[in-house]
Each structure stands twice: as structure tokens, then as C-alpha cells.
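In this text the structure is predicted, and so the values were computed from the model without any measurement. All heavy atoms count here, side chains included; hydrogens, waters and symmetry mates do not. Along the sequence shown, the residues carry numbers beginning at 1.
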Amino acid sequence: MPGWAWGLGGVVVASAVWGGVLFGTGALDDDGGGKAALGGYRYQKNLCDTVTIDALKKRYEPRDTTDPTTHYASRQEGLDANNCSWSMKDRDAGASDYSSVYVYATAQWHKNTDPGGEFASLYKQWEDRSQPAYKYETKAVDGLGDEAYLVTERRDPSGDKELAGMTLGVRDGWFTYELRWSWYGGTSTSGTKPPSAQEAEDMLTSDARDALAALKKS
């Protein structure tokens with residue numbers, strides 16, 4: 001398996017650790033038992049019903065016309081979590097295009113521990129995992145919650161520094177939200193190309209902002 005594939009797998013594992021997701025139902029009290037600062041973000045039985053990723057869907061469509069999604073939910077003593085994922089393809093993809101896009105959204109309500117002390121480190125650490133075949137870059141993003149970080153992944157098997165994935169993490173008090181986009185290319189002679197880094201950032205930022213607003217209304 002090429003190095004960049006292991007790199008993407010690492011991001012997936014990290015999100016899974018943060019997600020810790022199983023099935024659950026109910027609504028979370030805003031004060032989290034009188035301690036957590038959850039800012040009015042409401043727990044969801046199905047995050048896919050709330051998160052619409054409209055900006056991403058302008059460029060991508062579900063791989064199945066029935067728009068399938070996978071979702072999980074968990075309510076635990078110290079952490080509640082929701083996750084939604086989509087398998088997608090470029091709207092301009094032809095019959096011989098084997099490129100794929102995966103989108104993952106994870107919302108977490110930290111009820112016992114303030115995540116602020118380690119949130120920045122969680123995303124900045126990815127730069128230390130860079131290898132010759134793939135590279136991570138982390139930067140702060142303004143205007144989302146109390147703090148937000150964007151991790152950009154590029155794979156470079158032939159020196160072209162192709163965009164392979166992007167993860168946006170937002171912390172607002174003790175509530176955290178992550179939106180991740182991953183692109184897997186097709187063949188060298190056919191298939192669509194990934195967007196520019198700026199285009200991908202704009203899509204994730206727009207959809208994350210919409211998700212935060214929707215989670216406060218629901």
C-alpha cells in the first residue's frame with residue numbers, strides 16, 4: 001500500500017477515536033449536567049438529517065441516486081457524539097472515471113472535560129506525520145467558533161503535490177465539530193481532478209458554518 005494511503009488511514013483513525021460512535025437517542029441538556037459549556041448545540045439522533053453539505057453537493061453527487069448516508073450516534077457519561085458520512089463522485093465524472101470522494105462529519109459534546117487545552121495540538125500534530133509520499137499542513141481558520149484548524153493533505157508520488165484530503169475542525173466551548181473531505185483519483189488517462197486547495201477550503205468552511213447554525217436550531 002502506498003504511503004499516502006496510510007496517511008489517509010491515519011486521519012480516518014483519528015476521527016474515529018474522536019467520534020467514539022455507537023447508536024443512541026435523546027436530546028442533550030444545554031448545560032451538560034451543569035458543568036459543560038455546550039453553547040446551545042443540540043444532540044442529534046441522526047446527524048445526516050441536520051448536516052446538508054450543500055456547498056460540497058454543488059460539485060459532488062452521491063454515488064447512488066438514492067443518496068445513501070451512513071450515520072452513528074452515541075450517548076455516554078462523558079461524551080456524546082454523532083457522525084455522518086457520504087460516498088460521492090464528481091458531477092462531471094464519466095463512465096470510465098473511477099475517482100471517489102468521501103465526506104465525514106463528526107459532532108461531539110464533551111460533558112466532563114474541556115477540549116480547549118488540547119484541541120489545537122490535535123490538528124497541529126498532523127504536520128509531524130508528513131512523509132515523502134504525503135504531506136500535511138495545518139493552519140488556523142478565523143470566524144468559526146472559539147478556534148478552528150484546517151489540515152490539508154497532499155500526496156506527491158510523482159512530484160505534482162496533488163490534493164488528497166482536507167479536514168476542518170471547530171471548537172466552540174466544549175462542543176467540537178469536524179468535517180473531512182477525501183479524494184481518491186482514477187487512472188492517469190481518465191477521471192476528474194480534485195479541486196484547488198482554496199476551492200476545497202471554501203466548500204468545507206461554508207458547510208461547517210451551516211452545520212453549526214443548524215445544530216443550534218434543531
Side-chain angles (χ1 to χ4, degrees), residues 2 4-19 21 47-48 50-64 67-72 82-93 97-108 122-127 129-130 134-141 143-145 148-156 160-171 176-186 191-212 214-215:
W4 63 263
W6 284 107
L8 279 173
V11 178
V12 174
V13 170
S15 293
V17 171
W18 272 89
V21 288
L47 188 64
C48 300
T50 303
V51 176
T52 57
I53 59 168
D54 290 338
L56 283 160
K57 285 186 175 180
K58 289 180 180 179
R59 181 182 180 104
Y60 304 108
E61 62 184 358
R63 297 202 68 85
D64 189 302
D67 193 9
T69 56
T70 301
H71 65 90
Y72 305 92
N82 290 150
N83 175 275
C84 181
S85 62
W86 298 260
S87 176
M88 312 182 80
K89 63 179 181 179
D90 198 295
R91 291 186 177 276
D92 295 330
D97 190 333
Y98 297 102
S99 60
S100 298
V101 169
Y102 298 95
V103 179
Y104 307 87
T106 302
Q108 295 184 321
L122 176 70
Y123 291 95
K124 290 179 180 178
Q125 70 173 333
W126 284 107
E127 293 190 338
R129 303 191 182 194
S130 297
Y134 55 89
K135 181 180 181 181
Y136 296 105
E137 297 176 346
T138 303
K139 72 173 186 178
V141 177
L144 288 171
Y149 296 93
L150 185 77
V151 180
T152 300
E153 181 186 355
R154 297 182 184 275
R155 55 176 171 255
D156 192 18
D160 57 3
K161 295 182 179 179
E162 185 175 68
L163 186 65
M166 190 170 282
T167 302
L168 176 63
V170 182
R171 182 186 67 81
T176 60
Y177 182 78
E178 182 178 279
L179 186 61
R180 179 162 48 88
W181 164 90
S182 297
W183 183 85
Y184 296 84
T192 53
K193 297 296 183 182
S196 68
Q198 186 61 58
E199 289 171 330
E201 179 180 345
D202 290 345
M203 289 188 291
L204 263 65
T205 301
S206 176
D207 283 341
R209 184 176 290 111
D210 289 348
L212 295 177
L215 284 164

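A donor-acceptor contact shorter than 3.5 Å is absent between the side chain of N83 and the backbone of Y72. With hydrogens and angles disregarded, a donor-acceptor distance shorter than 3.5 Å links the side chain of Q125 to the backbone of L122. Using modelled atom types, one side-chain atom of R91 and one backbone atom of K57 make a donor-acceptor pair closer than 3.5 Å. The main-chain N or O of L56 is found under 3.5 Å from a side-chain atom of D207 such that the two form a donor-acceptor pair.
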- Query: Would L215 and Y177 count as a side chain to side chain contact (heavy atoms under 4.5 Å, CB included) if you check the C-alpha gap in whole Å, the side-chain angles of each, and the deciding distance to 0.1 Å?
  - Reply: CA-CA 10 Å; L215 284 164; Y177 182 78; 4.2 Å; yes
- V51 vs N82, side chain to side chain contact (heavy atoms under 4.5 Å, CB included): CA-CA, chis, key distance, verdict: CA-CA 11 Å; V51 176; N82 290 150; over 6 Å; no
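The side-chain heavy atoms of M88 and I53, taken from C-beta on, include a pair separated by under 4.5 Å. Annotation: side chain of V151 is not in contact with side chain of Y149 (no heavy-atom distance under 4.5 Å). Within the 4.5 Å cutoff, no side-chain heavy atoms of D54 are placed close to those of K58. The side-chain heavy atoms of D90 and V101, taken from C-beta on, include no pair separated by under 4.5 Å.
A salt bridge is absent between K139 and E137; no separation between the charged side-chain nitrogens and carboxylate oxygens falls under 4.0 Å.
The shortest heavy-atom contact between Y123 and G169 is OH-CA, 3.5 Å. The shortest non-hydrogen separation linking P62 to K89 is O-CE, 4.2 Å. Heavy atoms only, all atoms of each residue included: R59 and P194 are closest at NH2-C, 3.8 Å. Considering all non-hydrogen atoms of both residues, C48 and T69 come closest at SG-OG1, 3.4 Å. The shortest heavy-atom contact between G143 and R209 is O-NH2, 4.2 Å. Scanning both residues, Y184 and Y102, for their nearest heavy atoms gives CE1-CD1, 3.5 Å.
W86 CH2 to W181 CH2: the interatomic distance, rounded to the nearest 0.5 Å, is 15.5 Å. Between M203 atom CE and M166 atom CE the span is 8.5 Å, to the nearest 0.5 Å. Between the OG1 atom of T50 and the CG atom of L212 there is a distance of 12.0 Å, given to the nearest 0.5 Å. Atom OH of Y104 is separated from atom CG of L47 by 14.5 Å, given to the nearest 0.5 angstrom. For the atom pair E153 CD and T167 OG1, the distance stands at 8.0 Å (nearest 0.5 Å). If you take CG on L179 and OG on S206, they are separated by 10.0 Å, rounding to the nearest 0.5 Å.
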